[in-house]
Number of protein chains: 2
Amino acid sequence: MARTPAKRPHRKRPGQYHHGDLQRAMLEQALRTIQTDGVETLTLRAVGEQLGVSRTALYRHFSDKQALLAAVGREGFRRLRIALTAAWDEHGRGRPGFEAMGVAYVRFAAAHPAYYRVMFGRFVESCSKDAAFVEEAGAAFRVLVDSIVEQQRAGLVRPDDPSILARFVWSVVHGMAMLIIDGQLRGVDTGGDALTHYAAGRVRDAIRADA
Amino acid sequence: MARTPAKRPHRKRPGQYHHGDLQRAMLEQALRTIQTDGVETLTLRAVGEQLGVSRTALYRHFSDKQALLAAVGREGFRRLRIALTAAWDEHGRGRPGFEAMGVAYVRFAAAHPAYYRVMFGRFVESCSKDAAFVEEAGAAFRVLVDSIVEQQRAGLVRPDDPSILARFVWSVVHGMAMLIIDGQLRGVDTGGDALTHYAAGRVRDAIRADA
DNA sequence: ACCTGAACACCGTTCAAGT
DNA sequence: ACCTGAACACCGTTCAAGT
């Protein structure tokens, strides 16, 4: 998976007044905080403080806290889409590629749980007003739909409506991702590897053309 | 589905000092608020105020806000389990019964989204310390596992490890439930009926013994 | 045993003022 | 244009005191 190095956003020098690229720095700082401490403990005050900037400086660059979170979620969907495309391409754009996509999806969620929580769940309601967020989420979903259409053309997948088929597969990976993130599999299959592998086989049987 | 009438918890009379059954009243009031306004807007202060009681009275009955939410989630799992058992029993404890369980699961989530959000997602971490919560969640899961074992004995379902098979099915319904609740299907299949119906057929093919 | 009221340490957000 | 500082209206939680 393409991993962007977690470079720390620079603190403002005490002397200078302007930060430089405060918008970007705030997004990165929010990301770091969310990844280490979770979304629920993210405060605008702390973000400002860690950048050596007033706690209200954020409002010059984001309309409010929700807008900051929408930007985080949007970045998450971008990374997820890249991970999915890479898996699909690198494994031959067929059944193995499709399975690799599923694995990549679950791994992304397991590796960036806080990220994933911002992308889905409870913020989405307010994020749905953010056009860029919706667009990025749609782009990620389209990778899945396209891969299904391509497999249907190759006679690998049953010729049902691709978008409902995609929503079914999405449900499976999303469900696994959430169960893993919420620690619902803790103890029996913490990372969800056994489940992911098993589900890959079941989904293959569920959607194959030659059933 | 068995629906408990949403009887409003009684306000304390201004004159009297003791409320009576404040613990129960607070749980019910929290439920009402969550169902109408969502979890994120639930405040202990409002709960107290609506019951005509001081905003700190709650601490006599719950250790903190998390404990209140754990009690809500626990009640949610109880109702979900009852709905699942009813669907399974009333449709013949076979393939139709299993499909009815799946439908009942998704319907429960769609009908009580805020409930479902408390049961899963982000609170679970702290709820996992609450023994009663964990027990109730386990009981609901066991209904699913038992139904799978029963179908395996009848030769209807492939003889894989029942618990991993159950986790796969759980992922499917949980994934659908979350997508519906988060409004991710809004516009195309808002209530998720088309998806639920389609998924039922796919899951049947995925887990059938005579594949 | 059960509840209150004031107090504490937090929030997000606004707005006039500074640079 | 960008940032600050004080202020406002909220939170959850603690704790001594009342009934």
Side-chain angles (χ1 to χ4, degrees), chain A residues 9-30 33-34 37-73 114 118 122-123 125-127 129-130, chain B residues 9-30 33-34 37-73 114 118 122-123 125-127 129-130:
Chain A
H10 74 278
R11 251 186 147 272
K12 193 195 68 172
R13 299 267 175 60
Q16 69 190 142
Y17 190 75
H18 283 65
H19 174 90
D21 194 355
L22 192 51
Q23 165 142 11
R24 184 185 173 73
M26 280 175 161
L27 182 54
E28 286 173 10
Q29 182 56 50
T33 310
I34 284 174
D37 303 336
V39 212
E40 49 273 15
T41 64
L42 177 76
T43 73
L44 301 186
R45 292 160 120 91
V47 169
E49 201 172 322
Q50 277 158 320
L51 295 174
V53 115
S54 150
R55 52 188 184 265
T56 57
L58 177 134
Y59 290 90
R60 208 38 51 184
H61 305 281
F62 296 93
S63 64
D64 56 10
K65 193 181 184 182
Q66 286 296 342
L68 215 204
L69 287 174
V72 171
V118 178
R122 165 168 137 268
F123 306 102
E125 203 168 345
S126 35
C127 288
K129 292 166 195 160
D130 188 314
Chain B
H10 74 279
R11 252 186 145 272
K12 192 195 70 171
R13 299 266 174 59
Q16 70 190 143
Y17 190 74
H18 283 66
H19 174 90
D21 194 354
L22 192 52
Q23 165 142 13
R24 183 185 173 74
M26 279 173 159
L27 182 54
E28 286 172 9
Q29 183 56 49
T33 309
I34 284 174
D37 304 334
V39 211
E40 49 272 16
T41 64
L42 177 76
T43 72
L44 301 186
R45 293 160 120 91
V47 169
E49 199 172 322
Q50 276 156 321
L51 294 173
V53 114
S54 149
R55 50 187 184 265
T56 58
L58 177 136
Y59 290 89
R60 208 39 51 182
H61 305 281
F62 297 93
S63 64
D64 56 11
K65 193 181 183 181
Q66 286 296 341
L68 214 205
L69 287 173
V72 170
V118 179
R122 162 167 140 265
F123 306 102
E125 203 169 346
S126 36
C127 287
K129 293 167 193 160
D130 187 315

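Proteins get letters first, then strands, A, B, ... in listed order; numbering begins at 1 in each.
Every residue two or more places apart in sequence or in another chain that forms a side-chain contact (heavy atoms from CB on, under 4.5 Å) with B:Ala67 is listed here: B:Phe62, B:Ser63, B:Asp64. Taking A:Leu44 as the reference, A:Leu58, A:Tyr59, A:Lys65, A:Leu68 meet the side-chain contact (heavy atoms from CB on, under 4.5 Å) condition, with sequence neighbours excluded. A search for side-chain hydrogen bond (donor to acceptor under 3.5 Å, both in side chains) contacts involving B:Ser54 returns B:Thr56, not counting sequence neighbours.
Comparing B:Ala57 and A:Ala46, the nucleotide of DNA chain C nearest to each residue sits closer to the 5' end for B:Ala57.
Smallest separation of non-hydrogen atoms from A:Val39 and A:Ala114: CG2-O, 4.1 Å. Here the shortest heavy-atom pairing between B:Ala30 and B:Val72 reads CB-CG2, 4.3 Å.
Atom CG of A:Leu27 sits about 11.0 Å away from atom CG of A:Leu22, to the nearest 0.5 Å.
Rounded to whole Å, the distance from CZ on A:Arg60 to P on C:dA16 is 13 Å. Between the CG atom of A:Leu58 and the P atom of D:dC3 there is a distance of 11 Å, rounded to whole Å. Atom CZ in B:Phe62 sits about 13 Å away from atom P in C:dC2, given to the nearest Å. Rounded to whole Å, the distance from CE on B:Met26 to P on D:dG12 is 12 Å. Regarding B:Leu22, its CG atom lies at a distance of 13 Å from the C1' atom of C:dA1, rounded to whole Å. Spacing between atom NZ of B:Lys65 and atom C1' of C:dC11 amounts to 12 Å, rounded to whole angstrom units. Here C:dG12 presents its P atom at 5 Å from CG of A:Leu44, a figure rounded to the nearest Å. The nearest whole Å value for the distance from the CD atom in A:Glu40 to the P atom in C:dG12 is 13 Å.
Here B:Leu68 lies out of heavy-atom contact (under 4.0 Å) with every strand.
The side chain of A:Val53 has D:dC3 as its nearest neighbour among C:dG12, C:dC3, D:dC3.
Residues B:Asp37 and B:Leu42 are not in side-chain contact: their nearest non-hydrogen atoms beyond the backbone lie 4.5 Å or more apart.
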Taking only N/O atoms, report every protein-nucleotides 5-7 of chain C pair under 3.5 Å with atom names and distance.
residue: C:dG5; atom: O6; partner: B:Thr56; partner atom: OG1; Å: 3.0

Pairing string of DNA chain C (Watson-Crick or G-U wobble, both atom distances under 3.5 Å; | = paired to other strand) is ||.|||||...|||||.||

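OP1 or OP2 of D:dC3 lies within a sub-4.0 Å distance of a side-chain N or O belonging to A:His61.
For residues 41-50 of chain B, the side-chain hydrogen bond (donor to acceptor under 3.5 Å, both in side chains) pairs, not counting sequence neighbours, are B:Gln29-B:Gln50.
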